[in-house]
Amino acid sequence: MPAAANPAVAKPVPALPDPGALLAWYDRHQRRLPWRAPSGLRQDPYRVFLSEIMLQQTTVVTVAPYYDAFLRRWPDVEALADAPLEEVLSAWAGLGYYARARNLHACAKAVCERHGGQFPADEEALLALPGIGPYTAAAIAAIAFERRAAPVDGNWERVVARLFAVADPLPKARAKLRVLALTLLPRARYGDFAQAMMDLGATICTPRKPACALCPWQSPCAARALGAPERYPVKAAKAARPTRQGVAFLAVRADGAVLVRSRPPKGLLGGMSEVPSTPWETGGSVHPAIHAPFSASWTALNATVTHVFSHFALELQLWRADVPADARAPAGHRWVLPGGFDAEAFPSVMRKVLAHAQPFFTGPE
DNA sequence: GACCCGTGGTA
DNA sequence: TTACCAAGGGT
């Protein structure tokens, strides 16, 4: 007869994570952020919406000045809905993921036209709005409307993966992590709990070197019990990032104006302003002169602009032509004086290009 | 599910 | 310098 386990020496079963322990920690350690309401008060849904869109894949430090500028310029959803898209894109320039700006504007219009200017409180209704996915719908429902919802973001995934030592690699493990996350929800204070999970992930349960000694959930954490919390969540290998090449045509008028055009409304840098260029190709086999906006004495500058996008790196050679003050802009192009650069929707890569239109523009620094 | 879609900071 | 990372969404 095999020896039965002795209950007297059996390892203690780890306690399930207690939502109350995290909320108590949050009450003492929550971060003060521009988009958060004073403790105990609900935040304006528009402000939650604006901050959540900006914070998608973007850090708190980067978002803060943009959030303040947007709120000052468009203090409510009606003001944003009434703004021209070009102004929204210009104000968004530098933040990246420009489809967010287009959808932000489209969403503001939809809220005004379909919901009378009031954000819906239901996750399902929020999910139907442009630019609002599962995470953002849950975040607005929980934070702005105190609905029972789990806005599972990267912080939640990391915390949950460690609490339960989930070995399945992301992104396949996403469904399992969500199910586990739902088991953590408290009976109330859904907005605080959502933000507590984010604060925990941002300040304690960090990707590298988590501060487990300070964690309110150190006791029930399976990854910590295994001795290697930083190993979670497991992630699938990423594809290598290719490099594309191109030539940008810096046409500078005698008065300092630069020739500019707008990109197609969708896709990479959709709707943003740019200096005309060849297509950006991986082989770099295009003939630059064919793509010049007009014939002129183009001079290859001894300069290369490099920029890294989410899924490829770019190397842009610069060709410059200095033209008379009465030079005409080709169809689809326009001249923009340096004083008008800030009103244009130049993404970061184009600010790097424009830095070579000296001495009239000093560039991103 | 896979791929597209930006940017700046950090180790 | 490379690689990873940050409150994801659309197709």
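Since this is a predicted model, take the numbers as computed values, not measurements.
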Are L182(A) and V166(A) grouped together when hydrophobic residues (ILVMFWY) are joined by side-chain heavy atoms under 4.5 angstrom apart? yes

Determine whether L259(A) and F346(A) fall in the same hydrophobic cluster, where Ile, Leu, Val, Met, Phe, Trp and Tyr are linked whenever their side-chain heavy atoms lie under 4.5 Å apart. no

Across the strands shown, which category fits [X] at heavy-atom distances under 4.0 angstrom: base, sugar-phosphate, nothing?
| X | value |
| --- | --- |
| G94(A) | sugar-phosphate |
| R102(A) | nothing |
| T136(A) | sugar-phosphate |
| I53(A) | nothing |
| T62(A) | nothing |
| W35(A) | base |
| P151(A) | nothing |
| V308(A) | base |
| I143(A) | nothing |

Between I132(A) and D199(A), the residue closer to the 5' end of DNA chain C by nearest nucleotide is D199(A)

Taking the nucleotide of DNA chain C with the closest heavy atom to each, which residue, T59(A) or G133(A), is nearer the 5' end? T59(A)

Starting at atom [atom1] of [X], determine the distance to atom [atom2] of [N], rounded to an integer number of angstrom.
| X | N | atom1 | atom2 | result |
| --- | --- | --- | --- | --- |
| W280(A) | dC4(B) | CH2 | P | 15 Å |
| R174(A) | dA7(C) | CZ | P | 13 Å |
| M197(A) | dG8(C) | CE | P | 13 Å |
| Q56(A) | dG8(C) | CD | C1' | 5 Å |
| K238(A) | dC3(B) | NZ | P | 14 Å |
| E157(A) | dA7(C) | CD | P | 10 Å |
| F309(A) | dC4(B) | CZ | P | 14 Å |
| R208(A) | dG9(B) | CZ | P | 15 Å |

Ignoring backbone atoms, establish whether [X] has a side-chain N or O less than 4.0 Å from OP1 or OP2 of [N].
| X | N | value |
| --- | --- | --- |
| Y97(A) | dA6(C) | no |
| H307(A) | dT7(B) | yes |
| S348(A) | dG8(B) | yes |
| R158(A) | dA6(C) | yes |
| H311(A) | dC5(B) | yes |

I want to verify a distance call: between [options], whose nearest atom is closest to the [X] side chain?
| X | options | value |
| --- | --- | --- |
| K235(A) | dG10(C), dA6(C), dG6(B) | dA6(C) |
| Y98(A) | dT7(B), dC5(C), dG8(C) | dT7(B) |
| D153(A) | dA7(C), dA11(B), dG6(B) | dA7(C) |
| Y135(A) | dG6(B), dG8(C), dA6(C) | dG8(C) |

Reading DNA chain B from 5' onward, which residue's closest nucleotide shows up sooner: K172(A) or A99(A)? K172(A)

If you assign each of P171(A) and S310(A) to its closest nucleotide in DNA chain B, which residue comes earlier from the 5' end? P171(A)

Measuring only the [atom1] atom in each nucleotide, how far is [N] from [M]? A whole number of Å is fine.
| N | M | atom1 | result |
| --- | --- | --- | --- |
| dG9(C) | dG1(B) | P | 16 Å |
| dC5(B) | dA6(C) | P | 22 Å |
| dA11(B) | dA7(C) | C1' | 23 Å |

Relative to the ring of F119(A), is the ring of F49(A) parallel (under 30°), tilted (30 to 60°) or perpendicular (over 60°)? tilted

Between W92(A) and Y66(A), is the gap from one ring center to the other below 6.0 Å? no

T136(A)-Q56(A) side chain donor-acceptor pair, cut-off 3.5 Å: yes

Can you find a side-chain donor-acceptor pair between T304(A) and Q317(A) that sits under 3.5 Å? yes

Nearest atoms (heavy-atom pairs only) where A357(A) meets L250(A): N-CD2, 3.9 Å

